[in-house]
Structures are given as C-alpha cells and as structure tokens.
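Before any comments, here is the structure.
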Protein chains: 2
Amino acid sequence: MSTLKKELYEQPTVVARLLEREGENVARITAALRDQFNHVVIAARGTSDNAARYAQYLFGAHNQTQVALATPSLFTLYQRPPQLDDALVIGISQSGQSPDIVSVVAEGRRQGRPTLAIVNDADSPLARAAEHVIPLHAGPELAVAASKTYTASLAVLALFSCGLSGDAAALAQLRDLPARLAETLSGVAPILPRIERYRFMTRCAVIGRGFNYATAFEVALKVKELTRVVAEPYSSADFRHGPIAIVDENFTVLLVAPCGAVAGDLRALVADLQRLKAEQIIISDDESLLEQAHLALPLPADVPEWLTPLIAVLPGQLFAMTLAQVKGADPDRPLGLTKVTETL
Amino acid sequence: MSTLKKELYEQPTVVARLLEREGENVARITAALRDQFNHVVIAARGTSDNAARYAQYLFGAHNQTQVALATPSLFTLYQRPPQLDDALVIGISQSGQSPDIVSVVAEGRRQGRPTLAIVNDADSPLARAAEHVIPLHAGPELAVAASKTYTASLAVLALFSCGLSGDAAALAQLRDLPARLAETLSGVAPILPRIERYRFMTRCAVIGRGFNYATAFEVALKVKELTRVVAEPYSSADFRHGPIAIVDENFTVLLVAPCGAVAGDLRALVADLQRLKAEQIIISDDESLLEQAHLALPLPADVPEWLTPLIAVLPGQLFAMTLAQVKGADPDRPLGLTKVTETL
C-alpha cells in the first residue's frame, strides 16, 4: 500500500483525534481573541491556502467576519507590509517552515495584532512566531501530496469558528463528522476501478462554489501534483465569466456539488455543460445530479453544507490517487516535488 | 481588422484620456475617503477581478492598506454578508450589470461604509449602487474579450492610490505611461508571426508575482477565452508548492518577469524550468532573461515596477489574439461566451 493511501485512509481517525484533543485549547484561544479583531488575514501556500479559502466562507457565513488572503511577497520581497489594524493574523502550514508565511505572522505580532499558527509541527518556526498555536495532531505526513493535514486544518478552522460563535448545535454537528468521513471513503471505494476511463485525459476544470470553492482548489491541486493532468479550479460564477469557452466534448469538468445554498447554481451549470457535451464527473449527495454524470462519486446524505468540504474532498483525493496509478505514476513520489517547500 | 485588435490598439489613447478626465474627480474622492477606512474589500469577476489583484499589491505597497477580494456568494446565495467595519467597499465591472457585484456594494452602503464603483457604464446598476463612481471612459467595448477596460481599470486604481498617498512623483510616473503603452505595442509587433510555433499547444501555465500576479491571471484568461488552450495562472511561489510537477519538455510556461523586487525569484524559476526542459515564453525588459526564452516578448525599459502591469499585459493580449488566429478561431466571437455575464 502506498504511503499516500495509508495517510488518506487515516483521515477519519485524525479528525476524531484532533476534535478530542484540541477542544479545550481552541475554546480558551477563542475566548481570549473574540473581541480583539474585526477581520482576519490568513497567510498560507498550496494545500494550506485551500484551507484558508474554506475559512473565507466559514468565518463569513458563521461569524460575519471578512477574511483576506495575505499577499506574502509584500512582507518579504517588497518589504512593504500593510497595516494590519483590527486584524487577527493566522498562518496555516503543515511543516511551519516556509519563510514567507512566518514573515506575515511575525509582522502581525510586531504590529501588536493577535496571531495564530495552525501547524502540524508544533515546534516549527511558524509555531514559535505566533502568540497562539493549534497543532493538527495528524502525525508525520510522509507522502509529498498532503491529505490528512488538509482535513485536519479544515477541522481546526471549524472548531475555531464554533468557539468564536459559541454555537453549540454547530459544534455537535462537527463532533459527529468523523463517522461520515469513514462512510464517504467506503462509499466511493467500489467506483474507483472505473477511473481507468481517464487514462488519456490531459486537462480538466474542477468547479465548486461557496464552502466548496476550497474543495475545488484542493482537488485540482491533488490532480496536478499526482497525475500531471492540468486541472484548473473555478467557482461556477467565475467559470461562466470566460473560461467556459474552453469546454467541448473532449473536455472534462469535475463538479463538487453537495446539497445546499449553491446547489441550484451548480445544477444550472451541469445542464449547460450537458448541452456543450462536456465529460462530467460529479461529487454529490444529490441522486438526481449524480445520474447526469459520466462518473458519479457519491457522498453520504444529510451532512450540513458547512461541513461538506471535509467529506467532499475525499472522493477527489481518491480520484487523483487512483488516476496516478492508472497513468503509471508513483503516488508517493510525484516528479519534481519535495514535501517541504520554502519560498520567500 | 477584428474589433478586438482595434480595441487592443486603442489602449494608449484610452489610458491617456482617462488620466486627463478623471484626475480631479479622483483627487476629490480620495480626499473625502482618506480617513474613513483601514482596509479595502473589492468585488469583481473575470477581467475586473484581475484588476482587483493589482490593487492588492498596489494598495499594500504604496498605501500600507490590506485588500480582501470579496466572496460574493456570501452576499447573494448564502445571504450571510460579513460585517464590513472599517472597510472601503469597491466594485469593479465593465458593464456594471452583474447582480452579485452590485449586492456586495449595496450591502457596504447599507452598513454605512464608504463605497466606490469603477465602471465603464456610468449609468449601470453598479454605478447607481455606489456612493462614489469613477468611470473608465473607454468607449463601447464590443469584443467579448476585454482589453481596454482592463488597462483603464488598472489606471484608475493607480490614480486612486496616488490620490490616497499624495505621492506627486508616483503621479508623474503614471502620467508618463500612455507613451510607454504605445511603445510596447509597436515593440512586440514584429515578433507576432513567430506565434505560429504554438499552433498545437493545448495547455500552459502563466506565471507572475507581486504587482504582476494580476498580469499572469489576465493573460491566462485571454488565452483561455480566445484560444481554448488551458492556461493556468500562478505566482512563482505557489507554482513551486505543487503545480511544478506537471512540467516536462512538452509543457509551456509563459513568465511575466519585468525588472523589480520579484525579478530574482522569477530568474531562479527560469533556471529550474530550463533544467526541466520546459518551453518558455518570457515577457520582460531584462535582456539576459529574454535570451533564455523560446519566444521573447520585450517590454520598454525603465518603467517603474508598480506600473509594469499596464504594459506587461499588452504582449500577453497580442499573444492570445494572434494564437486565436493561428488556430483558426474568431477573436471577436469566442465560442460559448457573451459580453455581459450576469451571475448571482
């Protein structure tokens, strides 16, 4: 079994462990921070940046808080950091090593702002730079392509949002989640052999909106890292403002479309893509949508929309890993990548 | 001559006219707004969203102001808008028609925040929703792919930044710019026949960083809209955190690499891409970098880095338009697109 597969299937356990171990720490941190900021700035790269995208929608919808994704080069190469008045500054990183992410958090602290590191390595430069730390407890992640640290980061953000809002019902929904992760993994397993269909695919678009905009980015990144297929992520709205021009019968669109507020928008896009004769792969818990897909990747029903990013990414990870095998690539050692990337 | 070509070559005139007509209006608006916000939220889609990316770096580096790109679905589909305390809310749109962009600005106004519309149609719903309006004066833009409204939007943002900072030297640099746009267009013209080389290209990455991160996004969008080539934009840092895995000798990377603070980072990437034997197209004013490209698209020298996005996009637009012709596509009527896209 590949290391990636092992780590991918650890996700229900990792998320359960995190929720158990970090509940009190997060409650303490959120109580201390609650009145100290009116917007959030997050610095992250790669997979962690996709977790930050989830925070944009989650903190917006559940905490009425605007989130900006930091532009690290302003802090490093340009040495012209913006004023961070009234901001909470968060850095997210598996390794906690990348100097540009550390710089943003260090500058936040220099300006006297509250800072938080979400890291797998609690003894890393990022963890040391931040006032508050929430560790992922994901154990060593050895596969180059991140899987369990992504879902663990989403779980931290969900826990943090519940702590800020004090919403006990949402917290109960979150605590119920690890079982649904396991269900998702076992539900998709029988379908994986059909991914042979994509042996010769060289490009695709991955579409999600709202909470699952993050999922589209993360699935596209896994596909690129593991298979060398060019996979570009979009919101359904941005896709209509130009990129839809590339779609024809040889173009694949993978849609992340669980039930919820954005489902109608995605359903309309599925209908348009059918008229354009696009190949469609659909990740959803909606039977009527799944029926319209060339490849249907089902999700368990009745997971609240705000938590679907934690389950909807799993079929995407399995798709990318299986496609790598179908294409004869080694899922543990993607060409040209290293586990820790340090950028300025 | 295609409508796109006509509009593309109008850009020096459009930017000159804008700077002439809007100087006083922008000075008045910036004087009124200067002390009313400590960060900025911008709502935009497609090409206008790429202009917003320029504002992230420009307002950060020259005005020490953090910029967040809005997540319009929170305002529309989810109906859970974030609190916009201390924010200036800006909407950018050529047509001023898209309901999601109007919603963000209208919500800003409902919350008592200062609001600004940057629009080509000063009688549009977006213009009516905002307290302040800066029109682009670009004249009707009839080609589906935007060109002159993009550079005009960048010029408005540059004028706005100068107004906020009161930096007279920067303003003088900006006023000097229209002549450099004309120089750029004429400098690239003799090279266009060589774009035949890319007749069978189906995918590429477009890379820029800092101020020209926006340029990478806009050039990638033009390539997708006009040629159906899958072109994905990245910062050089994000590209190293995963996507570089897709590069081999059949993969094209288009780099936007003018001289400036980020040039060293891009130069290092060019060296790495050479080791991976990638096909490289380079837009730059640096002779030593251009020499390493399979296709060199030169820029005039001595344009200050913060203004290079207004010239560096031009060779990218010309590349996309010429490639469309080489591939037998109609640059004025990309398949599957309409000029005004209304999304919720």
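Throughout, protein chains are lettered first and strands after them, A, B, ... in sequence-line order, and every chain is numbered starting at 1. What you see is a predicted model; the values in this text were computed from it and never measured.
Comparing Gly242(B), Ala205(B), Gly60(B), Gly46(B) by heavy-atom pairs within less than 4.5 Å of chain A, the highest count is held by Gly242(B). Chain B forms more heavy-atom pairs under 4.5 Å with one residue of Leu344(A), Asp49(A), Asp265(A), Val230(A) than with any other, namely Val230(A). Options Phe59(B), Tyr78(B), Phe239(B) differ in how many heavy-atom pairs under 4.5 Å they form with chain A, and the most are formed by Tyr78(B). Your options are Arg80(A), Arg240(A), Gln83(A), and the one with the most heavy-atom pairs under 4.5 Å with chain B is Arg80(A). In terms of non-hydrogen atom pairs under 4.5 Å with chain A, the most contact-rich of Thr47(B), Asp86(B), Ile244(B), Thr227(B) is Asp86(B).
Considering only heavy atoms from C-beta on, Asp248(B) stays 4.5 Å or farther from Leu276(B) through its side chain. At a threshold of 4.5 Å between non-hydrogen side-chain atoms, the residues Val253(B) and Glu279(B) do not count as touching. Using a 4.5 Å heavy-atom threshold, the side chains of Leu226(B) and Leu4(B) count as touching.
Between Glu305(A) and Tyr57(A), the side chains place no donor N or O within less than 3.5 Å of an acceptor N or O (distance only, hydrogens not considered). Judged purely by distance below 3.5 Å, without hydrogens or angles, the side chains of Glu141(A) and Thr149(A) pair a donor atom with an acceptor atom.
Within the 4.5 angstrom heavy-atom criterion, only side-chain atoms of Arg203(A), from C-beta onward, approach chain B. Within the 4.5 angstrom heavy-atom criterion, no atom of Gln79(B) approaches chain A. In this structure, chain B has a heavy atom under 4.5 Å from the backbone of Ala231(A), while its side chain stays farther away. In this structure, the portion of Tyr234(A) lying under 4.5 Å from any heavy atom of chain B is its side chain and not its backbone. Heavy atoms closer than 4.5 Å to chain B are found nowhere in Val340(A), neither backbone nor side chain. When heavy atoms are compared at a cutoff of 4.5 Å, Ser235(B) approaches chain A solely by way of its side chain, counted from C-beta outward. Heavy-atom distances place no part of Val144(B) under 4.5 Å from chain A, backbone and side chain included.
With rounding to the nearest 0.5 angstrom, the CG atom of Leu266(B) is 8.5 Å from the CZ atom of Arg209(B). A distance of 6.0 Å separates CD1 in Ile92(B) from OG in Ser153(B), rounded to the nearest 0.5 Å.
Ser48(A) contributes no side-chain N or O that, together with a main-chain N or O of Ala44(A), makes up a donor-acceptor pair within less than 3.5 Å. Judged by distance alone, with hydrogens and angles left aside, the side-chain atoms of Glu232(B) form no donor-acceptor pair with the main-chain N or O of Val206(B) at under 3.5 Å. Asp332(B) places no side-chain N or O within 3.5 Å of a backbone atom of Ala143(B) that could act as its donor or acceptor partner. Looking at Gln111(B), its side chain does come within 3.5 Å of a backbone N or O of Leu84(B) through a donor-acceptor pair. In terms of modelled atom types and a separation under 3.5 Å, the side chain of Arg113(B) and the main chain of Ala87(B) share a donor-acceptor contact.
Not counting sequence neighbours, the partners of Arg333(A) by the salt bridge (charged side-chain N to carboxylate O under 4.0 Å, His left out) test are Asp330(A).
For residues 93-105 of chain B, a heavy-atom distance under 4.5 Å to chain A picks out Ser98(B), Asp100(B), given by residue number. Interface with chain A: from residues 210-223 of chain B, residues Gly210(B), Phe211(B), Leu221(B) qualify, criterion being any non-hydrogen pair under 4.5 Å.
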Which atom pairs, donor and acceptor, lie under 3.5 Å between side-chain atoms of residues 64-77 of chain B and protein residues at least two apart or in another chain?
{"unit_1": "Gln64(B)", "atom_1": "NE2", "unit_2": "Ala61(B)", "atom_2": "O", "d": "3.1"}
{"unit_1": "Thr65(B)", "atom_1": "OG1", "unit_2": "Asn63(B)", "atom_2": "O", "d": "2.8"}
{"unit_1": "Thr76(B)", "atom_1": "OG1", "unit_2": "Pro72(B)", "atom_2": "O", "d": "3.3"}

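Looking at every heavy atom in both residues, Arg228(A) comes nearest to Ala245(B) through NE-O, 2.8 Å.
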